Structures are given as C-alpha cells and as structure tokens.
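So that the names make sense, note that chain A is the first sequence line, chain B the second, and so on, each numbered from 1. Computed from a predicted structure; not experimentally measured. Scope of the values below: all heavy atoms of this structure, side chains included, with no hydrogens, waters or symmetry mates.
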Amino acid sequence: MRQSRHLGKTLREVPKDAQTAAHALMVRGGYMQQLSAGVYNYLPLLYRTLNKISQIVREEMQAAGSEELLMPALQPRELWEESGRWERYTAVDGIMFSFKDRRGSVSCLGPTHEEVVTDILRREIKSYKDLPRNVFQIQTKFRDEIRPRFGLMRAREFIMKDAYSFDADEAGLEVSYEAMRQAYHKICQRIGFKYRAVEADSGAIGGTGSQEFMVLADTGEDTIIYCDHCDYAANQERAASRLAEHAQDAEPKPMEAVLGEGLIGVEPLAKFLNIPVWKTTKTLVFEADDRVVAVMVRGDCDVNEIKVTNHLGCKSLKLASAAKIKELTGAELGYAGPIGLPPSVRILADNYVNGRVNFECGANQTNYHNINVNFGRDLPLPEFGEFKIAKAGHTCPKCQGTLQSAMGIEVGHIFKLGTKYSKAMACVYLDAGGKSQPVVMGCYGIGVSRMAAAFVEQNHDDKGITWSPEIAPYQVHLVALNLEDETVRKQSEQLYAQLQQEGIDVLYDDRPLRAGEKFSDADLIGLPTRITVSKRTLEQQKVELKRRRDTAAELVAIAEAGAKVKELLGKNFR
RNA sequence: CGGAGCGUAGCUCAGCCUGGCUAGAGCACUUGGUUUGGGACCAAGACGUCGCAGGUUCAAAUCCUGUCGCUCCGACCA
C-alpha cells in the first residue's frame, strides 16, 4: 500500500482519553478512532492486524477439527428465556443490549452465542452417530459495559472468536476441551504472546471447569496467582492458597468484650489489643439476593466474593450498606461479629478462621471487640469453606512453593459447559441403547480485537509499536527518502513492486516528507522491518534494512532485499 | 450504581473565577521560497453555530437551569 493513499494519519499529540500505552499508540498510529464510548472504527492498519489474528485463529481452530460458521448478532429474547439467562443478562447484570422492535418483539445483541448455537445443534443432532460436533465463528459481539475503558481492551462492541463443542458424554468433552486447549496454546505462541494459562472461575456462562489464557501485562485487569515452584496458576478470583499455621494458646481464656474506640481496620486493632493480626477476624456482611450472609475471614485475609457467590449459588452478592449493618448488628460499621446476629443471618467462615484458640472478632456493639473467642464454647461452628482471596506470599495449594502474583489480560477463555444449556434447551440425542441423553457441551472464546490491544500493550517502546511479523499489518515499511531524485523514485518504485511480487506485505512511504518525519512515523506504526532507500544508499547500489526492534541497520543489495527481509522475519524474531 | 471532571479550529489546549469591541496559541492543513538521513525555517493564507436548549443581562465562550456527549475515580471497607 502506498502511504500517500493510506487512510489513517499519524498524530503527534497523545489523545487525551487514552489511558494505556496501547490505546495511545494505536490512536496516534492511525490504527483506530473512537466513534462513541467503547465503540471504535478499525482503520485499515488495525483491520489488517485483526484479519491476521483471525486467520491464525481460524487455521488453528480448523486444524483442531472445528468448522467455521456465522450466527446472527441479533437474537430473539425467547431463546435466552429458554436457557434461563435473560433476566440475569438484562436485568441483574445488565450487560446485554436489548430492545423492542416495531412489532413489539424483544431482541438483543448477542454478547455470546450459547443459546443460538444450541438451537442450531438441537435441530441437527438426533443420534449419537451425529456426535461429536465442533463449530466456531469470528464475529462482532456486544456488551453494554457500564464503563468501557482502555480502548479495545474493554469495549462495548468487539470482535470475538467463539467455538462450541458437542459431545455424547463427559469423556468426549474431555477430548474436545483438550483439543481446544492445545489450539489456544498454539494460537498464543504463533502470535508471540508472553502469556500464561490459568484456572478460572466460569462466572455467568456456567459450567464445571475452565481455563483462561492471560497475556502478562501490568495494565491487565485480572490478577493471576501462580506458584514459584510447581505449575499451579489460577485467576485470583478462583485461586486457592494455604496459610502458615501458628502456634496456639494451650488453654482457652474467658471471652470478654474490650473497648477499643474508633479502631477500624485490623492493623491498628491488633496493635491496640497486643495480639497478632492473624488472631483478629473480619466479619463482612453481604446481601445475597434477598438473604443476608455474614462471612468471616482471618484478619490478615480478605473475602473472595466470587467464592462466596459460588458457594451460595446466589445471583447477586453485595456488601450490605452501613444502615443495613446497623440494623442487623446494632453497631456502626466496623464492629460486626458472628456472635449475637439475628438467626436469619447465615454465617460462613473461611477454613483458616477455624483452628484458632482465643481469637478476636467484632462484638456487634460500637467500639467493642470480643477477645479470647473460641468456637464451640462462645458460638456454634459456622459453615466452613474456602472463602479467602489467595495472595502473593501464601503457600501453594498443591506444593510447598510460595504463590506469586502478576497482572494479566484475559485473551482467551475455555469452558466445560456440561449439560447446562443442552438440558435447558432440550438439545438431546438417542444413545446406542435408544435412550434420550443431553448433549455435553464446551465453549471456547478468544477476544480477537482485545488480542491486538494486548499485543501492543506487551510490545512497544517509547517510539511506538513493535509488531511481530505474524500479526503486523504489513511486514515491511519501505521508506523512500529524497523522492525528488529521479533515481531514488525509480528504484523505490521498482523495489516496491519487487517485494510485492515476492509475496511480502509492503507499506510504501512514498510521501514527499523529510526523513525525520518518515522515520518517526515508521517507528510509531511499528512494522517489523524497515527498508530505507535514499540517494546515500543508492550510491552503493544498496538499500538499508533494519528491524524495528534493533538499533543497528545493514546495507543490502537491492536484488537481495526481499530475500533478506524473509530471512529476518523468519527466524528468532522475538 | 455512587462520586468527580471535561466539552472552545482536524489534534492538544489557553481564555471562563472577575460578562464588554474582529475568540486565541502550538501542532496539522493550503500557497510560495529556502532546506533535505531522525518530526526544519521564512512569508502569506484557509479553518469556529465556543456541545445543545432555555434563562439572567444593554451585553454571555464567560453567570444560572436543563439536556446530551465524553472521561476519570470508587466499586473491597469491618
């Protein structure tokens, strides 16, 4: 492509609404423009990259036995009611766009396609002989994000690849899931991500097991917990951990309520009471759907709301308001405890709350804290479970290693759905014994547009983007200087044609600008290699070849330029 | 959902508090000239319903009300 005809000018100024490096660079480089909050125009450069990512995804999905199709973005309400997700997606979480058409029927713009694909397959599948099936699509999805941010990272309209597998039984699902998992690793590797696959919570989609593919970046919105010793890695939402055990008092002491005025927070409280922080207890009061739940964790821990939500099986979970807490406990915020709560309040406690002798907890009376509390004597045993947030420094749940944390961008997510949708929507088949069985499903998503943003986040320097050849919009930036010189122009044009003939994607900067501007634009756009043609290089019958990620350049003969480029792109580029 | 901020040229912003005459700067753009391997210089020029609507006033970019749009912060404290 000739840059003189290229749509997508570079900007010198950083757009004011760009919060991350990737967002700023993609806007400055002429890759995208914002149309409205969380909605973007994908300009030619970005569209090329999106297509390259899509193509890699497509190839690996097909190699893994998945078949491509395309489903509608516009979906009828009825299907979502059938699966039971309509209310949650529209009213409870409100993340789905929905509207009434002129005939009065209600439609939505799909954030995902489990319902539609299940509907397709239930018409298709009659017998175990019709299984397994695996289909995917690359399509625009919609999410009514309350707060879109970071450009393509959290947009309201975005491009996604989603695949769905259909098997006769769990064993079949395992095979399908594993094939997809391998395909996802290949995709991440081909694109050139520094990433990590982690155990994940399956959230609103539902199901029994899932993994996320996380691109490591400080601007990521997810926290990853991983072991420094074994291969354990999980999203913090899901991660388990073990805590160091402490020596306990030999004898229980009498419980007493201690006046500790204005002591909010466990650190000052522990100091005031002269006890270690691990002896304190945080009791958080939540409203779970229409019930009230108190959750206890050790003072040096925090509550993992996802774990609590999953344990309760509730639709929504939120911290109770100060007023509600006062009504329930009789105390101001900060003094809630498990003793003396109304019987309607269900009490959960993290496993590590147990096993302590003479611990502290709130007294349900403003400014008072109970000390020397002991289960069994002062209160009945609550419902125990894993309810704390795993953090760096905790012990690995699988080995003796220490957990670490890192920030990540979720670019892929694979789920074992099981029979949640097939049962709800009667997607069934007859097995060999003539018995009706629900199909066992899996679903597998990749954020294509988010991958582009994540890649830039992970691959840039102070001058611009540093694409890998796999997904760069073009492979070579052919920069012609001194275009007023007839020889330079002629040679550049020839080289442009020659490179294209050799099958290389070329962006040809044929604009009559000064060298500085052209080099700066080239660095900003960030194509993996740059060829400079100028009077100076042509004096030696050569052109200059440089990799974007290197500082050094070399002079190569014009005829060999294409071969040299291929050589550079081909090996150890990263 | 709660809190905050912004909206003036294509972009980044000044002007607003303390109302006043043709509304400004830098970058980008057009023309001419000089320059020409890391965002040059000189000269001349084009570009605005000051988000929108209403109000106050002799007078509104500026004050008030409403509205739309965009952005940020918080969603974690017992």
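Pair check for B:G26 finds B:C11; Watson-Crick or G-U wobble, both atom distances under 3.5 Å. Pair assignment for B:G69: B:C6, on the basis of Watson-Crick or G-U wobble contacts that are both within less than 3.5 Å. B:G20: Watson-Crick or G-U partner is B:C58, with both key distances under 3.5 Å. Under the Watson-Crick and G-U wobble criteria, each requiring two contacts below 3.5 Å, nucleotide B:G32 is paired to B:C42.
Minimum atom distance to the side chain of A:E544 is reached by B:G37, of the listed B:G26, B:A78, B:G37. Looking at the side chain of A:L333, the nearest of the listed nucleotides B:U36, B:G74, B:A78 is B:A78. Checked against B:A78, B:C72, B:G39, the side chain of A:R149 finds its nearest nucleotide in B:C72. Here the side chain of A:R147 is nearest to one of B:G74, B:G37, B:A78, namely B:G74. Across B:G39, B:U71, B:C76, the shortest atom-to-atom separation from the side chain of A:D521 is found for B:G39.
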Step-by-step side chain to side chain donor-acceptor pair (under 3.5 Å) determination, A:S4 to A:D510: CA-CA 6 Å; A:S4 59; A:D510 59 340; 2.7 Å; yes

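With the nearest nucleotide of RNA chain B identified for both A:N482 and A:L269, A:N482 has the one nearer the 5' end.
With A:F158 as the aromatic partner, A:R143 does not meet the cation-pi criteria of under 6.0 angstrom to the ring centre and within 45 degrees of the ring axis.
In this model, the phosphate group of B:G39 is not approached by any side-chain N or O of A:R12 to a distance below 4.0 Å at OP1 or OP2.
Put simply, CD on A:Q34 is 14 Å from C1' on B:G7, counting in whole angstrom units.
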